[in-house]
Amino acid sequence: MKYPEPLCRLEDILDGGAIAVEPLGVAAISLLLLRQGEQVFAYENACPHAGQRLDWSPGKFLFDNGLLVCTAHGACFKIADGICVSGPCRGESLQAVAVEIRSGEVTLARD
Ligand code: FES
């Protein structure tokens with residue numbers, strides 16, 4: 001079985017930071033990858049409030065006190081589970097995407 005193409009290398013994401021990737025090569029289908037040490041949390045790069053991208057410029061994200069901030073209207077999300085803890089979509093969640101890391105490469109999970 002062929003393994004999925006890598007989304008990026010772990011080292012492409014600063015520890016505590018985030019990047020956006022477009023696995024199909026189109027900006028409309030964007031994933032948000034957040035790194036915490038050796039872990040990567042992945043979500044669709046679309047806010048549950050109004051569906052806008054969360055980055056203020058492609059691949060540039062805001063953080064406040066360890067929370068990811070949607071640049072459109074300020075919703076704040078926990079990194080580890082994508083739950084919105086303040087803002088207009090409080091209680092809703094980012095759409096999680098399963099990824100895994102093998103040999104330093106971040107890929108979509110097989111299952
Ligand atoms: S689109 Fe994210 S807070 Fe409104």
Side-chain angles (χ1 to χ4, degrees):
M1 172 187 287
K2 182 173 179 345
Y3 206 71
E5 294 294 318
L7 299 169
C8 68
R9 293 196 56 80
L10 180 62
E11 65 207 32
D12 295 335
I13 315 169
L14 287 177
D15 193 3
I19 64 170
V21 294
E22 283 82 35
L24 299 179
V26 293
I29 302 174
S30 177
L31 300 181
L32 155 65
L33 304 178
L34 299 124
R35 179 177 174 187
Q36 299 280 292
E38 299 303 305
Q39 281 188 290
V40 172
F41 300 94
Y43 301 98
E44 292 181 8
N45 188 8
C47 182
H49 174 228
Q52 297 189 30
R53 288 175 66 115
L54 290 106
D55 38 2
W56 55 271
S57 177
K60 307 292 185 190
F61 295 90
L62 293 177
F63 295 91
D64 184 30
N65 289 322
L67 299 171
L68 173 70
V69 180
C70 176
T71 54
H73 310 108
C76 295
F77 300 89
K78 293 193 295 181
I79 305 292
D81 59 14
I83 302 256
C84 178
V85 294
S86 70
C89 49
R90 186 179 181 136
E92 296 183 62
S93 178
L94 298 172
Q95 182 63 51
V97 176
V99 294
E100 55 192 32
I101 304 167
R102 287 196 180 205
S103 302
E105 294 183 330
V106 182
T107 63
L108 296 173
R110 279 190 280 191
D111 298 323

Looking only at non-hydrogen atoms, find the nearest pair between [X] and [Y] and report the distance.
{"X": "I79", "Y": "G66", "result": "CG1-O, 3.5 Å"}
{"X": "P23", "Y": "V21", "result": "CD-O, 3.4 Å"}
{"X": "F63", "Y": "G16", "result": "CZ-O, 4.0 Å"}

Name all pairs fulfilling the salt bridge (charged side-chain N to carboxylate O under 4.0 Å, His left out) condition that reach into residues 24-42, sequence neighbours left out, sorted by first residue then second.
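Listed by first then second residue: R35-E38.
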Residue pairs involving residues 70-82 (criterion salt bridge (charged side-chain N to carboxylate O under 4.0 Å, His left out); sequence neighbours excluded):
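Every salt bridge (charged side-chain N to carboxylate O under 4.0 Å, His left out) pair that includes a residue of residues 70-82, provided the two are not neighbours, is K78-D81.
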Find the distance between [atom1] ([X]) and [atom2] ([Y]) and round it off to the nearest 0.5 Å.
{"X": "F77", "Y": "C89", "atom1": "CZ", "atom2": "SG", "value": "4.0 Å"}
{"X": "Q36", "Y": "D15", "atom1": "CD", "atom2": "CG", "value": "7.0 Å"}
{"X": "L7", "Y": "L108", "atom1": "CG", "atom2": "CG", "value": "4.5 Å"}

Starting from [X] and following side-chain heavy-atom contacts under 4.5 Å between hydrophobic residues (I, L, V, M, F, W, Y), which residues can be reached?
{"X": "V85", "result": "L67"}
{"X": "W56", "result": "L62, V69"}
{"X": "I83", "result": "none"}

All pairs passing ring-ring contact (aromatic ring centres under 6.0 Å, His included) where residues 84-111 contributes a residue, at least two apart:
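As it turns out, there is no ring-ring contact (aromatic ring centres under 6.0 Å, His included) pair with a partner in residues 84-111 once direct neighbours are skipped.
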ring-ring contact (aromatic ring centres under 6.0 Å, His included) contacts in which one or both residues fall within residues 78-101, not counting sequence neighbours:
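ring-ring contact (aromatic ring centres under 6.0 Å, His included) check on residues 78-101 returns no pairs.
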If you look only at distance, which donor and acceptor atoms sit under 3.5 Å apart when one is on a side chain in residues 45-54 and the other is two or more places apart or in another chain?
from	atom 1	to	atom 2	distance (Å)
N45	OD1	L54	N	3.0
N45	ND2	S30	OG	3.0
N45	ND2	D55	OD1	3.3
N45	ND2	D55	OD2	3.4
H49	ND1	H73	ND1	3.2
R53	NE	D55	OD1	3.0
R53	NH1	A27	O	3.1
R53	NH2	D55	OD2	2.8

Find out whether Y43 and L31 are in side-chain contact, i.e. whether some heavy atom of one side chain is under 4.5 Å from a heavy atom of the other.
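They are not in contact (no side-chain heavy atoms under 4.5 Å apart), so the answer is no.
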Side chain to side chain contact (heavy atoms under 4.5 Å, CB included) against [X], all qualifying residues, sequence neighbours excluded:
{"X": "A42", "answer": "L33, V97, V99"}
{"X": "E11", "answer": "R9"}
{"X": "Q39", "answer": "F41"}

Is there a continuous path of hydrophobic side-chain contacts, each under 4.5 Å between heavy atoms, that joins V40 to L94?
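Per the 4.5 Å side-chain linkage, V40 and L94 are not co-clustered.
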